[in-house]
Number of protein chains: 2
Amino acid sequence: MHDPLAAKLARYVPLSVADRMWLSEALGPARSIAARTDIIDEGEDPHAVNVILEGWACRSRQLVDGRRQIVSLLLPGDPCDPHVFLLDQMDHAISALTPVVYAQIPGPVLQELTARSAALDRAFQREALATAAIQREWTVSLGCRSGIERLAHLFCELPTRLSAIGLATRTSCPLPLTQHDLAHSLGQTSVHINRTLQELRAQGLITLRSRRLTIHDPARLAELAHFDASYLHFTVGSDPPPVEA
Amino acid sequence: MHDPLAAKLARYVPLSVADRMWLSEALGPARSIAARTDIIDEGEDPHAVNVILEGWACRSRQLVDGRRQIVSLLLPGDPCDPHVFLLDQMDHAISALTPVVYAQIPGPVLQELTARSAALDRAFQREALATAAIQREWTVSLGCRSGIERLAHLFCELPTRLSAIGLATRTSCPLPLTQHDLAHSLGQTSVHINRTLQELRAQGLITLRSRRLTIHDPARLAELAHFDASYLHFTVGSDPPPVEA
DNA sequence: CGGCTGGTTGATTGGTTTCAACAAGCGTGG
DNA sequence: CCACGCTTGTTGAAACCAATCAACCAGCCG
């Protein structure tokens with residue numbers, strides 16, 4: 001993936017060549033981190049925006065008795081809260097689920113960037129609003145969707161988000177999550193996720209094999225999930241040409 | 001309540017007298033709306049920020065088959081997404097749960113306001129981050145807290161949020177929600193909420209009578225809920241003197 | 001080969017929903 | 001003033017979805 005952040009922001013607001021150049025200049029050096037390690041931990045004082053460039057990460061919260069909830073999934077191009085550095089301490093951890101490459105934009109640099117370009121300012125604002133909408137949709141899933149509907153919904157959301165940065169076609173995308181990760185994301189046990197996956201397969205809706213999700217009947221899957229992509233608020237342009245991933 | 005918005009923002013960033021004056025000038029005329037009606041509906045194009053001045057409201061999503069989820073509760077002083085007007089359509093409704101008085105800040109006025117005052121800009125940004133954190137915490141509750149823990153957690157969160165605007169003491173606050181509302185907020189049925197409430201009462205933790213919540217043992221309630229107030233990110237000043245509510 | 005992680009299966013338990021009925025409070029109109 | 005209807009809260013029994021517990025299997029890697 002070349003510049004997933006620019007690709008993603010461009011789905012919210014059209015970006016000029018200068019915007020893209022400033023954006024890439026603002027990104028600090030790429031850092032690599034192993035799977036299953038923390039990018040930033042609960043309680044730390046954030047001082048920069050982390051942007052995922054490659055790999056999958058998550059925000060997660062851990063209760064004292066060991067229970068753990070993945071509250072959101074972070075894909076390439078996702079900034080982790082454009083203004084976190086205004087807070088004094090992280091209320092959640094950001095952890096790599098796969099090997100991750102990320103870069104940082106220091107707080108002052110981001111402020112200078114949004115001051116210089118109105119388009120980038122709007123793009124970051126809309127990105128934040130869309131992220132909030134995704135969080136609300138997860139609340140809806142956990143609150144009133146059944147097990148199979150939750151899984152189906154996630155399997156509609158992820159390819160849509162990935163296709164915005166050219167990492168998915170309409171019917172297939174990488175899915176490097178373990179059943180344990182899915183369980184922590186959907187508020188269920190991995191045992192039950194396993195059985196629900198089998199149900200989705202039995203209904204001929206999906207294939208999930210060697211970290212790749214294939215959707216055989218997008219329309220029926222969306223109907224089962226009560227999925228309506230409008231909460232993702234992608235408004236500019238259509239999907240970029242899919243690439244191998 | 002005099003100026004709940006200023007009271008709330010002042011918990012994030014110290015505000016000058018001028019800041020407070022500009023803020024109150026930015027607010028449009030107060031509007032009243034009956035309980036159980038919509039302030040703004042799903043699908044509408046937002047063009048201003050709604051700020052709750054009195055009463056309780058909620059964000060809610062409704063699925064086609066009638067299921068409904070309250071994704072967040074809006075209390076006096078809460079702005080409903082400082083920058084929503086950047087989006088083309090609402091992905092959720094905002095509805096009054098009680099009679100509500102609210103006012104609007106038109107998009108351009110808000111932008112002028114934050115351009116003029118760095119403190120207000122930071123305050124709105126931090127408010128947005130705190131709101132996102134609350135949404136994440138609800139995700140955690142729905143994902144991995146049991147019925148009684150969820151209720152206990154809400155009963156810790158609400159007095160804390162209300163006390164920030166002077167509407168609650170440490171042990172008592174108004175709670176105008178029906179058991180049906182609680183059910184829609186916590187992803188359960190009202191029947192089960194009823195039984196869970198009885199359990200909390202039986203343990204001597206709370207009293208809930210005539211729309212008023214009294215907490216008899218805050219420490220034990222917080223422990224049961226795994227409640228840690230740091231996600232609310234109130235950092236400036238202590239609770240304002242409680243008033244009758 | 002051994003050990004580990006990730007996935008699969010079965011039996012059992014238990015928290016919640018569902019369905020159904022009823023009680024209490026309250027505003028309204030006859 | 002009381003009757004009525006409506007909302008809100010309460011209770012019991014049965015059904016069900018998902019968690020728990022406990023194995024076991026397959027693949028991968030050192």
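Per chain, numbering begins at 1; letters A, B, ... match sequence-line order.
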With the side chain of [X] defined as its heavy atoms from C-beta on, choose the nearest nucleotide among [options].
X      : options                : answer
B:R195 : D:dA13, C:dT9, D:dG9   : D:dA13
B:Q179 : D:dA18, C:dT8, D:dG9   : D:dG9
A:V191 : D:dA18, D:dT11, D:dC21 : D:dC21
A:S146 : C:dT16, D:dT10, D:dA18 : D:dA18

Rounded to whole angstrom units, what separation is found between the [atom1] atom of [X] and the [atom2] atom of [N]?
X      : N      : atom1 : atom2 : result
B:H180 : D:dG9  : NE2   : P     : 10 Å
A:L151 : D:dA18 : CG    : C1'   : 14 Å
B:L197 : D:dT8  : CG    : C1'   : 13 Å
A:L186 : D:dA18 : CG    : C1'   : 13 Å
A:E199 : D:dA18 : CD    : P     : 11 Å
A:L175 : C:dG6  : CG    : P     : 14 Å
B:H184 : D:dG9  : NE2   : P     : 13 Å
A:H192 : C:dG14 : NE2   : C1'   : 14 Å

NA contact type, [X], heavy-atom cut-off 4.0 Å: base, sugar-phosphate, or nothing?
X      : answer
B:R211 : sugar-phosphate
B:R150 : nothing
A:T189 : base

Pair B:Y231 + B:H153: ring centers closer than 6.0 Å: yes
Quick one: is [X] getting a side-chain N or O under 4.0 Å of the [N] phosphate, OP1 or OP2?
X      : N      : result
B:N194 : D:dG9  : no
B:R201 : D:dT10 : yes
A:Q198 : C:dT8  : no

Distance-only side-chain donor-acceptor flag, B:R68 / B:H184, under 3.5 Å: yes
Atom pair CD1/CG of B:I70 and B:L177 - distance to nearest 0.5 Å: 7.0 Å
Euclidean distance, A:K8 NZ relative to A:I165 CD1, rounded to 0.5 Å: 8.0 Å
From A:L205, A:I206, A:L200, residue fulfilling side chain to side chain contact (heavy atoms under 4.5 Å, CB included) relative to A:L151: A:L200
